[in-house]
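Just below is one structure, and these are the notes that go with it.
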Protein chains: 4
Amino acid sequence: MVTQPARPAPDTTRRSERSRRAIYAAALALISEVGYPKTTIEGIAARAGVGKQTIYRWWGSKADVLLEAFLDLSAQAAEEAGASEQEPYAIPDTGDLAADIKAVLRATVDQLTDPRFEAPARALAAEGVVNEQVGREYMANLMEPSIQLYVDRLRSAQEAGQVRPGIDPRIALEFFISPLAQRWLQYTGPITYDYTDTLVDYALYGLAPR
Amino acid sequence: MVTQPARPAPDTTRRSERSRRAIYAAALALISEVGYPKTTIEGIAARAGVGKQTIYRWWGSKADVLLEAFLDLSAQAAEEAGASEQEPYAIPDTGDLAADIKAVLRATVDQLTDPRFEAPARALAAEGVVNEQVGREYMANLMEPSIQLYVDRLRSAQEAGQVRPGIDPRIALEFFISPLAQRWLQYTGPITYDYTDTLVDYALYGLAPR
Amino acid sequence: MVTQPARPAPDTTRRSERSRRAIYAAALALISEVGYPKTTIEGIAARAGVGKQTIYRWWGSKADVLLEAFLDLSAQAAEEAGASEQEPYAIPDTGDLAADIKAVLRATVDQLTDPRFEAPARALAAEGVVNEQVGREYMANLMEPSIQLYVDRLRSAQEAGQVRPGIDPRIALEFFISPLAQRWLQYTGPITYDYTDTLVDYALYGLAPR
Amino acid sequence: MVTQPARPAPDTTRRSERSRRAIYAAALALISEVGYPKTTIEGIAARAGVGKQTIYRWWGSKADVLLEAFLDLSAQAAEEAGASEQEPYAIPDTGDLAADIKAVLRATVDQLTDPRFEAPARALAAEGVVNEQVGREYMANLMEPSIQLYVDRLRSAQEAGQVRPGIDPRIALEFFISPLAQRWLQYTGPITYDYTDTLVDYALYGLAPR
DNA sequence: CAATAAACGAGACGGTACGTCCTGTCTTCAG
DNA sequence: CTGAAGACAGGACGTACCGTCTCGTTTATTG
């Protein structure tokens, strides 16, 4: 592996929290207002009232800034949501698999159409398509946690005999998530509660007659 | 709606076919070699031995050029493939729905991993995520035709009693396509024949025990 | 000597008079309206309702077009002026050298401040400063004739004993013309009748006391 | 007066002296080598090893760059010349007006034919003809100082009784300068010591017989 | 009086330069 | 030493013209 020119790593302890938050806010605002391609590092710096170097010191690229800003936003949102509940994030387990998953998917539909999330999420997803590293980080940090919840719920359903024993939960969950994701990413169809409900029904009981 | 400054539309009949082909070739080559973001209009023009204005005269953006270049590439590929067969593009109908769809998906896997298609397809998909217009054109021109084939095959299966009567084919087909698409786009998992075969089995017979 | 690619000389007899006049008019108008540097061959062609090639066929450069246009304008002006007189252009010879030259210079002042002539004349002069060929043609075609008139008048004065015998008229006339030219070209001072009258007096009788 | 979009004035104290000098050198070299019209800002930047923006940041146009570069060159030349003398710039006053002015004019002839000065001076003069602002700056910065010296010397001569009392020195000096300037600018005649000597004689003693 | 050949209008083409914008680095100064 | 500020070399943007090169379409003799 090639070792970099060894820019002496900046001292994290002296980092300005104020600047960091301002940069996150500016980045998210600009992405929503003018779109990802017209969002520039210079623009973020100006809007955040920050020197460009402060951005280059702590992040490697525009995508990095956005990724962290979005993670921060998600964490905040989670905190807000989690404040009221004990177990901040888990798919409910009422015993009725279909109902539980439908409920979660409806929440996902709400989030995908929330304008606060829409633009940055889309921008990140697009960058991730073209830039494998960003894609993998996006995956690992933003999607993997939710995916794990599906895996857990499906395993539990499997133990309860509601899902066939041979089924691989990591593949099965894609029937709920991927069609929705594709409709959202590629504008291939409308995103509604009806649609997600149908997805669950089709997936659980199959297309072939019983 | 605001009408643009209305640069008088160029005369299509006098367009240089030579330049058009050179531009397509240069665009596809550059995308594969240096990636979408580092592919510049200037670079395409230089590589194609063409003036920049010739690109700006006929296309509105880098994405437009790439879209057309890719459509052209696909059309060529289709022509090559179709030359040998009578019915150039249709899902086979042997009576065995599962086998037929597995075969088609295996072909799709091959295409998605063909390096000739990979980079430009990915670039276009990414642009389409962020730029709705490109997204819709990508959909309409590149994906819709194949999707229709699935719809037809599923309808035929429905008539043969191999698919439940109430099933909506436009939703059902997403079980085959979307998971594969998401794995490809977002690096969420490996793409293999085994995987697509499994998708078909799960989708047709459902997750719940029979 | 290298013989050019030998573009077959165009047939002058078939040349469109209509286009030629339109090009002259457009060139002069544009120079006056937007200045020399912003006057483009494309602009002249568009304004004249003429193809670019028609300009390139008959002229070698923007300066060439302007030079001919200006010559044409001058010829027209001369014709108009000459229509009323018998001897269209000559410095009057009343026997009073000072008065005669003052009269001619006053006419020159009028011309230099005529807005119809100002812009193109200035543009040509400027081009001539930097482009020796244009400079010499400008000289030969536009200034030499007038200069010859001064030479003649000064010779006649010499014969009449009003100018010292040893004086070289080609140098002497510069005392009348050059200061005026420089004030006009380089904005080094105002251009008035008073000024030119003074020039004549100083030049004829010298600066040193008599 | 309309105030411009007001790009915030750059900080002069942080300006790179290195770049400035490189730009002057590149500009003067290019003008001499390829002429004014083929000298481009892009070319200057490339030759100077400088970004284009660095030129646009500090100068408004090609003419501005050249003007300052030439002023700098003149200042340097003056410094070199002035290093040896006490009074760096003044027309000598030996009591013999004709001899003194002849000497200065001979020096001017030398400068006008010095290839180092020729091209840029000519380019500037041409631009000044067509662009009044440049013309006036050229005048004020490059010619006015020398002109003042003539005025002083003529005044002194007037006090000594060598020049008629009524003579206006600002007009009289044009007899020495303008004919020479015109010959140089417009290629209307050769520039020699003989010629300038003659100018002085004619101007001082007049054309009319004594 | 057609035939034909040149000039013509139009404008696409390969290029060059424009003036602007942004990148990522570097330097200066304040806290 | 961090951080705001911003100058710097570099390079792409999208536009405007350059001068060349077809295209049909006049137009004006010539056979």
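- Scanning for side chain to side chain contact (heavy atoms under 4.5 Å, CB included) contacts around A/R136 gives A/E132, B/Y187, with sequence neighbours left out.
- Distance, C/I23 CD1 to E/dA10 P: 12 Å, rounded to whole Å.
- In terms of the ring-ring contact (aromatic ring centres under 6.0 Å, His included) criterion, residue partners of C/F70 (sequence neighbours excluded) are, by chain and number, C/F117.
- A straight line from CZ of B/R20 to C1' of E/dA12 spans 15 Å, rounded to a whole angstrom.
- For the salt bridge (charged side-chain N to carboxylate O under 4.0 Å, His left out) test, no residue two or more places apart in sequence or in another chain qualifies with B/D11.
- Listed by first and then second residue, the side chain to side chain donor-acceptor pair (under 3.5 Å) pairs that reach into residues 56-67 of chain B are B/W59-B/E68, sequence neighbours excluded.
- Residue pairs that meet the salt bridge (charged side-chain N to carboxylate O under 4.0 Å, His left out) test with at least one member in residues 40-49 of chain D, sequence neighbours left out, are D/E33-D/R47, D/E42-D/K52.
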- request: Summarise protein proximity over nucleotides 6-15 of chain F in one line of letters, 5' to 3': B for base, S for sugar-phosphate only, - for none, counting protein heavy atoms closer than 4.0 Å.
  value: BBBBB-BBBB

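- Between the P atom of E/dC22 and the CD1 atom of A/I44 lies a distance of 12 Å, rounded to the nearest Å.
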